[in-house]
Amino acid sequence: QAQLVESGGGLVQAGGSLRLSCLASGRTFSTYAMGWFRQAPGKEREFVAAIGWSADTADYADSVKGRFTISRDNAKNTVYLQMISLKPEDTAVYYCVARLIFAGVRDSRLWPYWGQGTQVTVSS
């Protein structure tokens with residue numbers, strides 16, 4: 001059974017950094033596109049970043065471009081989200097996602113596999 005498990009969330013001050021990790025199992029996720037979405041209280045789930053299976057393709061939401069970096073280590077079945085210069089508006093539950101192809105990555109409905117989420121809280 002496919003499983004995605006996020007870790008690395010926590011409480012950080014504005015301007016700080018965090019690195020989220022997502023360990024994938026149960027599928028050959030090294031051939032899958034991977035990504036991150038987030039959802040803040042009272043708001044809709046939004047796209048954050050995505051990366052192709054070979055890591056030569058990536059996409060970022062405008063709100064995080066230049067501050068967040070997505071990467072992957074296929075040997076470890078792990079995808080990362082390095083976040084710097086964090087802002088209070090980055091506070092949300094962050095979800096790791098996976099799908100077979102890198103297309104339409106900003107549409108949450110097209111990602112079949114989801115982790116349980118990890119909380120990121122940025123204090124001002």
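Quick note: numbers below take in every heavy atom, side chains included, and nothing from hydrogens, waters or symmetry partners. One is the number of the first residue; the rest follow in order along the sequence.
- Residues meeting the side-chain contact (heavy atoms from CB on, under 4.5 Å) test with D59, sequence neighbours left out: F47, F102, V105, R106.
- In this structure, the side chains of F37 and E46 stay at 4.5 Å or more apart for every pair of heavy atoms.
- Contact record, P112 with A98: CD-O, 3.3 Å, taken as the closest heavy-atom pair.
- Between T69 and L81, the closest side-chain pair of non-hydrogen atoms is not below 4.5 Å.
- Here the side chains of V97 and W36 are not in contact, with every heavy-atom distance at 4.5 Å or above.
- Within the cation-pi definition used here (under 6.0 Å to the ring centroid, within 45° of the axis), R99 does not qualify as a partner of Y32.
- With R72 contributing its side chain and G52 its backbone, the two residues share a donor-acceptor pair below 3.5 Å.
- Within the 4.5 Å cutoff, the side chain of M34 has heavy atoms near those of the L4 side chain.
- The environment of NZ in K65 is crowded: more than 12 heavy-atom neighbours from other residues, nucleotides or ligands sit within 6.0 Å.
- Hydrophobic cluster membership is shared by I70 and L86, with clusters built from Ile, Leu, Val, Met, Phe, Trp and Tyr side chains linked at under 4.5 angstrom.
- For the ring-ring contact (aromatic ring centres under 6.0 Å, His included) condition, no pair includes a residue of residues 60-94, sequence neighbours left out.
- V93 and G117 get closest at one heavy-atom pair: CG1-CA, 3.8 Å.
- When the salt bridge (Lys or Arg N to Asp or Glu O under 4.0 Å) test is applied to K87, no partner is found at least two apart in sequence or on another chain.
- Atoms CD and CD, from Q39 and E44 in turn, are 8.5 Å apart once rounded to the nearest 0.5 Å.
- Summarising the geometry of T78 relative to S21, their closest heavy-atom pair is CG2-CB, 4.3 Å, with the distance given to 0.1 Å.
- Inter-residue side-chain proximity for I51 and T57 is flagged as unmet; no heavy-atom pair is nearer than 4.5 Å.
- In terms of the side-chain hydrogen bond (donor to acceptor under 3.5 Å, both in side chains) criterion, residue partners of D90 (sequence neighbours excluded) are, by chain and number, R38, R67.
- The main-chain N or O of F29 is never found under 3.5 Å from a side-chain atom of T31 such that the two would form a donor-acceptor pair.
- Of all non-hydrogen atoms in V64 and V48, the two that sit nearest each other are CG2-O, 3.5 Å.
- When all heavy atoms of V79 and C96 are compared, the pair lying nearest together is CG1-SG, 3.8 Å.
- S17 pairs by the side-chain contact (heavy atoms from CB on, under 4.5 Å) definition with Q82, I84, not counting sequence neighbours.
- The side-chain hydrogen bond (donor to acceptor under 3.5 Å, both in side chains) analysis of residues 107-120, with sequence neighbours excluded, yields the pairs E6-Q116, R27-Y113, D107-R109, Q119-T121.
- Across P88 and A14, no two heavy atoms sit closer than the pair CD-CB, 4.1 Å.
- At distances below 3.5 Å, at least one donor-acceptor pair connects side-chain atoms of T91 with backbone N or O atoms of V122.
- Put simply, the side chain of S25 does not reach to within 4.5 Å of the side chain of N77, judged on heavy atoms.
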